[in-house]
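Structure record follows, encoded as structure tokens.
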Amino acid sequence: MIEATVAVPVLAIDGPGGAGKGTVSRLLAAALGWHYLDSGALYRILALAATRHGVGLEDEAGVAALAPGLDIRFGTGDDDSVWLDGEEVSAQIRHESAGTMASVVAALPAVRQALLLRQRAFRQAPGLVADGRDMGTVVFTDARQKVFLTASAQERADRRYKQLIAKGIDVNIGDLLADINARDARDSNRAIAPLRPAEDATVIDTTRLSIPEVVAQILALVTENGAGVS
Ligand code: DC
């Protein structure tokens with residue numbers, strides 16, 4: 001008799017850009033000893049690859065065709081570096097403009113389809129913390145725990161402003177807020193996999209919460225429903 005295989009547990013963390021998903025998800029993965037998927041980085045890398053290959057960002061078939069052939073590697077643990085075809089592209093893909101380009105290619109159905117299996121391949125024992133926009137609604141619909149992290153657009157712009165100023169990058173807070181609002185609108189209004197909480201997600205507004213508070217709340221949820229028990 002074939003025994004039913006117990007699926008590797010997934011903790012899905014979705015939400016808009018700047019809500020703290022990346023930082024929180026990495027800390028959760030470290031605390032649980034699970035793998036981490038930064039799905040936004042895949043869209044950012046694909047957009048970068050398209051510009052390098054001279055493929056227009058709205059060229060749906062052209063961008064999707066690039067996806068299977070890309071050699072993408074992520075650092076593990078504390079190492080958040082990313083390589084594309086053997087070259088480190090961490091700084092380039094973290095740029096504001098790369099986020100906007102990613103949001104453009106992410107609205108194309110064939111592109112999302114082309115990245116689907118690549119994302120699912122990250123599901124490996126003992127577990128996966130998956131960070132994105134549609135982890136709970138499309139990619140890992142059977143995730144044991146789904147969280148939707150949000151924060152006001154003003155708070156997200158303030159956080160980003162502080163990060164950039166700390167790095168010595170001079171930015172205008174009004175421009176940042178406008179970019180955030182434009183990206184939210186594009187991600188939320190697209191026809192395919194729009195940004196929205198899964199029906200069974202726990203929504204956490206991080207506007208007035210510290211990072212350790214958010215991590216503690218999510219760990220409590222995971223432990224409550226047994227996702228942390230292997
Ligand atoms: O999380 P991020 O800022 O790195 O994501 C960049 C863009 O990629 C974001 O504006 C929308 C898109 N994205 C997506 O559509 N689906 C995901 N699972 C992750 C990101």
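For ligands, and for the atoms within them, numbers begin at 1 and follow the listed sequence. Please read these numbers as outputs of a predicted model, since none were measured by experiment.
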Any side-chain donor near an acceptor of the partner, Thr206 and Arg159, under 3.5 Å
yes
Taking only residues two or more places apart in sequence, or in another chain, which ones meet Ser97 in a side chain to side chain contact (heavy atoms under 4.5 Å, CB included)?
His95
With Ala110, which residues qualify under side chain to side chain contact (heavy atoms under 4.5 Å, CB included), at least two apart?
Glu60, Ala64
Hits for side chain to side chain contact (heavy atoms under 4.5 Å, CB included) against Asp170, two or more places apart or cross-chain, chain-then-number order -> Ile165
Return yes if a side-chain donor-acceptor contact under 3.5 Å exists between Ser103 and Arg186, otherwise no.
yes
Counting only non-hydrogen atoms and a 4.0 Å cut-off, the residues near ligand 1 are Lys21, Ser39, Gly40, Tyr43, Arg44, Ala102, Ser103, Ala106, Arg112, Gly132, Arg133, Asp134, Met135, Arg183, Asp187, Arg190
Any sub-3.5 Å donor-acceptor pair from Arg112's side-chain atoms to Ala106's backbone N or O?
yes
